Amino acid sequence: MKIAFFSTQSYDKEYFTRYNTRHELVFFEAPLNETTVALATGCNAVCAFVNDKLNATVIQQLAGLGIQLIALRCAGYNNVDLNAAQTYQIKVARVPAYSPHAVAEHAVALILALNRKTHKAYNRVREGNFSLDKLIGFDLYGKTVGVIGTGKIGEVFCDIMKGFGCRVLAFDLVANKHLEAKGVEYLPLVTLLPQCDIISLHCPLTEQTRHLINTDTINLMKQGVMLINTSRGALIDTKATIHALKTGQIGYLGIDVYEQEEKLFFYNLSEEIIPDDDIMRLMSFPNVLVTSHQGFFTDEALTQIAQTTLLNIDDFESGKPLVNKVI
Ligand SMILES: NC(=O)c1ccc[n+]([C@@H]2O[C@H](COP(=O)([O-])OP(=O)(O)OC[C@H]3O[C@@H](n4cnc5c(N)ncnc54)[C@H](O)[C@@H]3O)[C@@H](O)[C@H]2O)c1
């Protein structure tokens with residue numbers, strides 16, 4: 001099959017070329033949207049990533065070009081209009097699990113860096129400043145951590161935080177029996193939020209979870225709470241979060257995802273004027289750490305993403321059941 005890859009970065013090319021044996025891969029740096037969709041002309045499938053826009057218009061245009069498969073090289077599919085894909089009979093497959101450890105460990109990295117201010121210490125000592133002033137952190141041992149969404153990533157995250165000696169509380173639509181057996185306590189969200197020193201988001205972005213973190217839920221949290229989001233940006237109402245950082249209601253924020261990330265993340269904008277005032281405000285707080293959607297970015301995860309995506313394409317081509325189909 002001939003597959004058009006959108007939003008391609010050098011590492012996508014490297015890993016997919018390494019594991020591809022039978023397909024023709026065409027790599028485009030451009031993201032997939034209404035203005036770039038024509039690049040898929042002559043291809044049978046498109047391979048898309050988290051910030052590609054597969055709305056109804058794009059899907060209609062893809063159908064017009066004869067595209068039969070949308071092979072997502074990610075787990076989330078909130079950026080795909082599934083009704084439109086169904087209408088135009090385009091199959092959608094994804095990579096449901098690729099090293100949940102990669103994302104869970106990144107969430108922990110954000111917690112540790114925010115708490116112990118490692119990023120600041122790194123810069124200080126390079127300038128010969130060996131003072132500890134304002135670098136004080138807190139022991140994770142004995143603290144209460146709230147985990148929202150205890151699927152594959154949330155489960156690994158709970159295990160790691162248990163290992164630190166934290167009390168772990170969870171909120172999910174379905175309780176995970178393995179976690180309950182290890183002492184993770186499931187509570188309604190309104191009961192969980194006021195008890196936690198750290199809250200980490202690991203649920204998908206859906207109509208129910210959009211702006212799950214808003215003024216009302218933030219006000220239920222402990223004053224000075226640490227909020228971590230490695231899931232999807234729109235789980236958090238950015239403006240409400242900025243307000244809470246200004247008042248001190250949120251004491252630390254670690255985000256690997258951002259509501260308006262598609263125009264920023266994965267690009268080098270160091271020589272540009274960035275017009276997004278919210279991200280600029282967020283980055284100006286000393287207690288906010290932003291990474292640009294790198295939770296998945298480990299060798300193991302990139303290998304798994306390439307292998308599973310190519311397997312999905314193989315299965316589709318040979319008419320086998322699509323084990324990783326979304327629809
Ligand atoms: N930062 C990154 O690089 C990166 C990489 C991969 C995935 N992600 C994000 O992480 C999310 C979680 O991934 P996963 O593999 O653990 O998914 P998963 O499907 O295994 O788990 C998601 C969990 O969220 C729960 N959930 C669904 N709706 C909920 C709701 N309304 N309230 C509470 N819980 C709810 C589900 O029941 C499930 O247990 C993905 O949806 C994706 O957005 C981020």
Side-chain angles (χ1 to χ4, degrees), residues 7 9 11-12 48-52 72-80 82 92 94-111 146-161 168-180 184-193 196 199-214 217 227-236 253-259 261-262 264-266 289-306 308-309 324-326:
S7 301
Q9 299 287 342
Y11 45 84
D12 295 313
F49 197 48
V50 291
N51 291 328
D52 289 315
L72 297 169
R73 54 181 192 278
C74 54
Y77 48 86
N78 52 284
N79 53 335
V80 184
L82 296 179
V92 182
R94 63 177 182 137
V95 185
Y98 51 88
S99 181
H101 303 278
V103 185
E105 289 170 14
H106 190 70
V108 178
L110 290 175
I111 293 172
V147 185
I148 301 181
T150 52
K152 290 175 285 297
I153 297 170
E155 178 169 3
V156 174
F157 178 79
C158 287
D159 283 340
I160 299 173
M161 298 320 289
V168 180
L169 306 179
F171 169 68
D172 198 308
L173 305 177
V174 193
N176 177 325
K177 298 268 172 277
H178 301 294
L179 289 176
E180 279 185 319
V184 172
E185 196 183 335
Y186 280 83
L187 295 173
L189 191 60
V190 292
T191 318
L192 173 146
L193 293 176
C196 297
I199 294 168
S200 192
L201 308 179
H202 299 287
C203 60
L205 175 63
T206 63
E207 279 320 303
Q208 291 76 48
T209 61
R210 184 174 296 277
H211 287 190
L212 184 76
I213 305 301
N214 54 46
T217 48
L227 179 63
I228 303 292
N229 187 9
T230 56
S231 200
R232 283 293 180 267
L235 294 179
I236 289 184
L253 177 72
I255 52 171
D256 186 47
V257 286
Y258 168 64
E259 218 173 342
E261 71 177 47
E262 66 273 6
L264 303 169
F265 287 8
F266 309 126
L289 198 49
V290 180
T291 53
S292 54
H293 210 135
Q294 70 177 81
F296 73 101
F297 204 51
T298 65
D299 177 54
E300 290 81 355
L302 288 176
T303 300
Q304 187 74 54
I305 288 170
T308 305
T309 305
N324 296 317
K325 75 171 180 199
V326 181

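These figures come from a predicted structure and were not determined experimentally. Each ligand, and each atom within it, is numbered from 1 in the order the structure gives. Along the sequence shown, residues are numbered consecutively beginning with 1.
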Exercise for review: For the residue pair Val290 and Leu253, establish whether any side-chain heavy-atom pair is separated by less than 4.5 Å.
Suggested key: no

Check your understanding: Quick one: are Val156 and Asp159 in side-chain contact, heavy atoms under 4.5 Å?
Key -> no

**Study point:** Close side-chain approach of Leu227 to Ile213, heavy-atom, < 4.5 Å
**Key:** yes

Revision key, fill the gap. When rounded to the nearest 0.5 Å, the distance separating NE2 of His202 from SG of Cys158 is 7.5 Å

Revision key, fill the gap. The protein residues that pass the under-4.0 Å heavy-atom test against ligand 1 are Tyr98, Val103, Gly149, Thr150, Gly151, Lys152, Ile153, Phe171, Asp172, Leu173, His202, Cys203, Pro204, Thr209, Thr230, Ser231, Arg232, Asp256, His293, Gly295, Phe296

**Study point:** Side chains of Tyr186 and Leu179 in contact at under 4.5 Å (non-hydrogen atoms)
**Key:** yes

Review point. Sequence neighbours excluded, which residues qualify as side chain to side chain contact (heavy atoms under 4.5 Å, CB included) partners of Leu212?
Key: Ile148, Leu189, Cys203

